[in-house]
Structures are given as C-alpha cells and as structure tokens.
Amino acid sequence: MQVRCRENMTSMLKRQVESWVAQAVQALCGSAHAAVLVERPKNPAHGDYATNAALVLAAKLRCPPRELAERLRLQIPPGDILERVEIAGPGFLNFHLQTAAFHAAVTDMLQHPEGCGQHQFGQGRKVLVEFVSANPTGPLHVGHGRGAAHGDILARLLEACGYQVEREYYINDSGRQADILGLSIILRRLEHTACPGPAFPRAAYHGDYVREYAATLPTALDGLLDTLGDWPTPPDPDAADHCLDMLIAHARQGLGATAFERLTRSGTEHILQDIRADLAEMGITMDHWVYESELRRTAQVSRGIERLEQAGQLYHKDGAVWFRSSALGDTKDRVVLRDNGTPTYFAADLAYHLHKYQRGYDHIINIWGADHHGYVRRLQAALQASGVDATRLEIQLMQFVSLCRNRQRVPMSTRQGNYITLRELCREVGPAPARFIYITRNSDQHLDFDLELAKSGSRDNAVYYIQYACARICSILHKAGAVPIPASPAELQAADSPAERALMVELVQYPEIIEAATRQREPQLLASYLQTLAGAFHAYYNLQSVLVDDPAVRRARLYLVQAIRQVLGNGLGLAGIDAPERM
RNA sequence: GCGCCCUUAGCUCAGCGGAAUAGAGUGUCGGCCUCCGAAGCCGAAGGUCAGAGGUUCGAAUCCUCUAGGGCGCGCCA
C-alpha cells in the first residue's frame with residue numbers, strides 16, 4: 001500500500017540532521033563512525049538535536065574537540081529548516097531547527113493519520129512471538145499477565161514497524177505436571193463418593209478450580225473410579241514426589257492409560273478454555289496453540305533427539321541418554337531420554353523450537369519468566385548442535401511481579417492456594433489499566449503492581465492521566481465544532497510560543513520512540529513517552545487557552561491539540577487501550 | 001558453593017550503545033478554578049546514582065572486587 005511506503009515527515013527531521021552530520025563526518029574523516037550519535041538533548045537550551053561527533057572524533061583526528069566542532073559546523077549546508085548550529089560545552093554541535101519545520105511535521109501527521117507511528121524497517125520479515133505459555137494445570141496468575149501484556153504489545157509494535165507477526169502459545173500438556181493434574185481431579189472427585197481415596201497429597205494441585213472442575217464431570221465417571229479399589233499407602237509420606245508417582249501409577253493402571261489420559265486431557269482443555277478467555281479479556285488473540293503432546297505423537301520429539309545423535313552430541317550414562325550441552329556453553333550436560341525411555345521436557349522443547357524453525361520465520365522471540373534463565377543456554381546449545389541458526393532465536397526474560405494494595409504487599413502463595421488470578425486482577429482494575437501498568441517497568445526490573453493505584457483516577461495512575469488528556473482534547477474539539485485538516489504548514493504558523501514549540505518537539509519524537517521501543521523490545525519506552533506527552537499537554541492546557549477569539553491562533557492551536565490527540569490515541573492503540581472521548 | 005539479574009530522592013521508578021547542571025511520579029510544604037473538564041497545573045524542599053578500586057580528556061552508564069536483594073542450579077515442566 002502506498003501509504004505504508006511513504007516515509008513519514010516526522011521521522012525525517014531527525015534523519016535530516018543525521019544525514020548532515022554523516023556528510024560532515026565523511027568530509028573531514030573520510031569514513032563514517034559508529035559512535036557518532038544524533039540525539040535529543042535533555043536541556044532544551046541545547047537545541048532540538050545534538051551530536052557528539054566532535055568529541056568522538058577528536059582523538060582520531062588529533063584536533064581539540066571545539067576546534068573540530070567548528071570545522072564540522074562549516075560542513076553543514078544552510079537550509080530552510082535549519083535555524084542555526086551552535087557549538088557548546090566540551091564540543092557538542094547543537095542544531096536549532098526552524099519552528100516552521102515542526103509546523104510542517106505536524107501538518108504532515110494530520111494529513112496522514114494512518115502513517116502515524118508506522119515504520120517500514122521490518123520489511124515484511126516474519127517474526128514469531130511466543131509468550132504466556134503457562135502450563136495448563138491452573139489459571140493464569142498475575143505474573144503471567146506481565147508476559148501477556150508485554151508480548152502482545154511487543155507484537156503490535158513489531159507490526160507497526162513493518163514486520164509480519166504471529167503470536168503463539170506453547171502448551172505443556174504432557175508429562176508429570178499433567179499427570180499430577182489428572183490425579184488431582186480424580187482425588188477431588190473421589191472425595192464425594194462412598195469410597196474416598198487417599199489423603200490429598202501436598203504436592204498435588206490444591207486450587208479450588210480442581211475441585212470445581214471435578215464436580216462437573218459426568219456421573220458415569222464414578223463407576224469407573226470405583227474400580228480403582230484400594231489405593232497404595234506411601235511408605236514415606238514426606239517423599240512427596242515418590243508419593244505422587246505411586247498414586248499416579250495406581251490411577252493409570254486402574255483406569256487404563258487411555259482413560260487416564262483422556263481424563264487428564266479434559267482437565268487441561270478445560271483450563272485452557274479459561275486461559276483463552278482470560279487472554280481474550282485482555283485483548284490478546286493467539287494465532288497458534290502448539291501442543292507438546294502433538295509433538296510427541298507425531299514423532300517430532302524423537303526426530304529432534306535424532307538430530308543431536310547425528311551431530312554426535314549424545315552419550316549414554318546411568319541408563320539415560322545425555323546431550324553434551326556443556327560443550328556448547330551450558331554449565332552441565334542434560335538428559336534427553338530418561339532411563340525409562342521417555343523424553344524429557346527439554347527434548348520436547350528442542351523439538352518445539354525445531355518446529356518453529358521449520359515453519360520459516362526470519363526471527364523468533366520467546367518471552368519467558370526470569371525463573372527460566374538457567375534454561376536459555378541449554379536450548380541454544382541444542383539448537384546449535386541441531387545445525388540451525390541459533391542467533392535467530394531471541395529470548396527475553398521478564399522479571400517477577402508482586403501485588404500491592406496501597407503500598408502493602410499482598411502475600412501470595414501457590415501452595416496455600418491464596419494467590420490472585422489474572423482474571424481477578426482484570427476484573428478488579430480493568431484490562432486496560434492492567435495492560436498499561438504491566439509495561440510501565442523495564443522487563444528486567446521487578447514490578448510492584450499496586451491494585452489501588454491501578455484503580456485510582458489521579459496523576460500517578462498513568463492510564464487515567466493519558467486518557468484524561470484525550471478526553472480533555474476531545475472536549476475542546478467538540479466545543480470548537482468541526483476541525484478540518486490543515487492544507488499547509490502555514491496554517492499552524494500562529495502556534496509559535498515556546499510552550500507550543502516544546503509541545504511540537506515532543507510530538508515529533510513519537511516515531512523515534514516507536515522505533516526505539518521496537519528495536520530494544522521495550523514497550524516501557526512507549527508507556528513513558530505517552531505519560532510525558534500527556535503531561536506536556538496538561539501543562540499547556542493550563543497555560544493558554546485553545547479557544548481564543550483570534551481565528552488564526554485558534555485554528556493553529558486546534559490543529560496542534562488535534563495532533564496530540566492523534567498521537568496519544570495511536571500510542572494507546574499500540575498498547576491495546578482505547579482513547580475515550582469522555583470519561 | 002556456582003551462575004544470571006537487580007541496588008539511582010522517604011516511597012515507586014526513568015536514564016545505563018560514556019559526554020554539557022542526574023529526571024519523573026508519589027509523599028511533605030506553599031500557591032492556581034467568575035476562565036476550553038482542578039481526575040488538572042505551577043513552585044519549594046529532597047540524591048557522595050549500594051561501597052571500593054580501575055579504564056577514559058570525561059563514568060549512574062564500561063571492567064574488577066565487596067556488601068545487600070531476587071532467581072536458577074532435577075532423569076519437574
């Protein structure tokens with residue numbers, strides 16, 4: 001589409017400065033230099049953009065920085081958007097642009113709203129984002145919510161930058177955790193029959209959802225469960241794992257493997273339905289749901305192991321088959337086939353990732369909880385040994401979330417079953433504030449999610465603050481009647497006060513923020529930008545009226561305010577949040 | 001014990017491909033509604049950027065060590 005292919009004007013301002021600098025550096029130095037940066041100075045007195053070129057190149061060219069800055073400055077061609085270039089501090093070049101350049105950029109934004117915040121550098125490359133992927137053995141909790149929000153917003157950002165994105169959820173529905181769920185369901189069900197089973201093991205799933213689900217199963221099941229007869233009593237109740245294994249073996253044998261698995265499967269499916277619903281409530285739709293059981297059934301897991309075998313990276317020890325991952329950066333070797341012949345989770349995960357590679361993505365992103373960090377190396381090692389390009393896989397780790405209420409920690413413990421689910425959180429604070437708060441911290445930073453703060457309508461609740469700015473603008477626009485699109489930058493000329501200029505400088509930064517947030521995989525940058533822009537608007541709002549009598553000034557200000565609303569709305573949209581006209 | 005991550009204002013956090021006086025919010029104190037939504041704005045106070053070394057013309061930012069905190073170190077997933 002044509003619109004998507006045009007370079008937007010707003011990102012061109014910075015590009016223009018960058019190209020001046022690059023040319024100047026080229027002229028003096030004969031080559032480009034990676035450490036030369038063009039950035040927006042913190043202090044507005046330092047201009048609209050600044051470069052460190054003279055500082056970086058001083059040593060190389062054996063020239064004092066300020067003198068070099070002067071030489072560089074002479075290389076900058078005078079142009080209509082450039083007001084002046086100053087040398088300041090140790091040797092920075094500060095670029096002051098004409099206010100008219102910003103009028104042009106804002107006009108461009110209003111004339112092409114569909115291109116707002118869009119980039120093309122993704123070039124249509126296919127990216128897979130795998131996130132959430134919580135085990136289907138219980139409801140999503142608040143920690144999963146962070147990965148969910150982060151993953152989905154990152155996916156939206158990638159889409160805005162021209163990538164073709166697919167969202168995926170991996171379902172660990174096989175193995176021991178699933179067995180424990182099956183057992184838990186059976187034991188809860190038995191509690192309501194004439195012959196209850198053994199005491200509910202500590203390490204089984206205690207959550208109410210198991211009991212609730214067990215109660216919904218058809219009565220025909222009870223006849224089947226009767227055949228389980230006497231349950232074994234574990235010799236050592238403290239050996240939680242062993243105790244569970246015995247009970248699982250008993251149930252599987254008594255019911256038959258097929259019936260046991262069918263029951264387990266129905267349990268995981270039931271939970272998955274809830275997970276799907278919870279994600280949908282947060283505005284998240286997955287393109288693919290990949291089942292571990294399916295990878296096993298179709299022999300992809302064993303084929304994955306064979307690849308390691310062919311690479312000569314497997315060996316036998318203690319009856320198991322090991323992968324020599326320590327030779328590829330891991331801290332120790334890992335088992336892929338247990339002594340009982342079944343593949344480990346790790347083996348299945350290798351198969352899963354080979355499956356991703358087979359599907360032909362240019363890039364693969366995994367969003368994992370920080371507790372999986374020890375797992376990164378071994379997966380990379382396995383992929384490398386399998387002969388695929390491990391650098392195409394990018395694993396992003398999310399730090400933990402703790403809940404607070406008025407700054408007080410809400411204690412949570414999975415074992416005691418008193419944790420707050422993602423669903424409860426969304427019901428309490430609303431899915432939009434939840435999404436936003438989840439991305440207000442850097443992913444490598446621990447997040448304190450304050451429930452009361454998330455509900456409050458005040459300055460420190462970023463979502464309301466931003467939405468309030470949108471609503472205020474809409475109220476002004478409504479009062480003004482129809483506001484057309486400016487035909488030329490000249491129509492904004494009357495908006496030239498320092499406050500208005502500062503606002504435009506902020507506004508024009510939006511595409512740069514989108515690019516940075518996407519490249520750095522940090523939606524947090526978007527969140528904090530929107531807060532800053534909303535803040536700049538609120539300050540402006542209190543400083544001078546939009547709806548003044550002078551028609552030229554009034555019109556210019558209306559355009560400006562409309563552009564702010566456009567960017568806020570666009571940014572909120574990328575975060576999956578709507579920009580209300582009233583609130 | 002080993003490995004990864006974190007430590008910035010009373011509190012919650014930005015800034016961390018090095019560079020010009022370290023920024024927000026909140027809390028505290030003081031102002032602003034006859035005027036487009038005060039769910040807002042303006043101002044003041046508050047920091048030896050955990051500590052110690054090092055690299056550099058220049059370090060909150062890079063390296064090393066120390067101290068605190070989180071997480072991981074299963075033939076669990």
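Throughout, protein chains are lettered first and strands after them, A, B, ... in sequence-line order, and every chain is numbered starting at 1.
The number of heavy-atom neighbours closer than 6.0 Å to CZ of A/Arg377, taken from other residues, nucleotides and ligands shown, is 12 or below. A 6.0 Å sphere centred on CG of A/Asp550 holds more than 12 heavy atoms belonging to other residues, nucleotides or ligands.
Per the geometry, CZ belonging to A/Arg176 stands 7 Å off P belonging to B/C76, to the nearest Å. Between A/Asp245 atom CG and B/C75 atom C1' there is a gap of 12 Å when expressed in whole angstrom units. Per the geometry, CZ belonging to A/Arg441 stands 15 Å off C1' belonging to B/U7, to the nearest Å. Atom NE2 in A/His46 sits about 14 Å away from atom P in B/A19, given to the nearest Å. Taking atom CZ of A/Phe436 as the reference point, atom P of B/G25 lies 15 Å away to the nearest angstrom. Taking atom CG of A/Asp339 as the reference point, atom C1' of B/G74 lies 13 Å away to the nearest angstrom.
Residue contacts shown for A/Asp330 are absent, as no nucleic acid heavy atom lies under 4.0 Å away. Residue-level contact check: A/Val56 touches the bases, meaning some heavy atom is under 4.0 Å from a base atom. Contact annotation for A/Asn461: no contact, since no heavy-atom pair falls under 4.0 Å across all strands. Residue contacts shown for A/Ala480 are absent, as no nucleic acid heavy atom lies under 4.0 Å away. The residue A/Ser174 sits close only to the backbone: its heavy atoms come under 4.0 Å of sugar-phosphate atoms, none of a base. Counting any heavy atom pair closer than 4.0 Å across all strands shown, A/Glu292 reaches sugar-phosphate atoms only and no base atom.
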Hey, what are the protein-to-nucleotides 56-60 of chain B N/O distances that come in under 3.5 Å?
none

Enumerate all atom pairs, one protein N or O and one N or O from nucleotides 67-71 of chain B, separated by less than 3.5 Å.
| from | atom 1 | to | atom 2 | distance (Å) |
| --- | --- | --- | --- | --- |
| B/C71 | O2 | A/His373 | NE2 | 3.0 |

> When you check every protein heavy atom under 4.0 Å of nucleotides 36-44 of chain B, what one-letter string (B, S, -) results, 5' to 3'?
Replying inline: BBSBBSS--
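Relative to the ring axis of A/Tyr291, A/Arg265 places its NZ or CZ within 45° and under 6.0 Å from the centre.
Using a 30° and 60° split on the angle between ring planes, A/Tyr375 and A/Tyr345 fall in the tilted class, from 30° to 60°. Note on ring orientation: taking the six-membered ring where Trp is involved, the planes of A/Tyr465 and A/His538 are tilted (angle from 30° to 60°).
Mapping A/Asn135 and A/Leu447 onto RNA chain B via the closest heavy atom, the residue that lands nearer the 5' end is A/Leu447.
Counted by atom type alone, A/Glu581 and A/His478 present zero donor-acceptor pairs between their side chains at under 3.5 Å.
Of the nucleotides present, B/C2 is the one that pairs with B/G72 by Watson-Crick or G-U wobble criteria, both distances under 3.5 Å.
In this structure, A/Phe92 does not pack face-to-face on the six-membered ring of B/A19, missing the 5.5 Å centre cutoff or the 30° plane limit.
Ring centroids of A/Tyr209 and A/His270 are separated by 6.0 Å or more, keeping the two rings apart. Ring centers of A/His206 and A/Phe200: under 6.0 Å apart, within the cut-off.
Here the nucleotide nearest the side chain of A/Asn442, chosen from B/C75, B/G15, B/C76, is B/G15. In this structure, of B/A20, B/C73, B/A14, it is B/A20 that holds the atom nearest to the side chain of A/Ala88.
Glycosidic conformation at B/C33 (O4'-C1'-N9-C4 for purines, O4'-C1'-N1-C2 for pyrimidines): syn, within 90° of 0.
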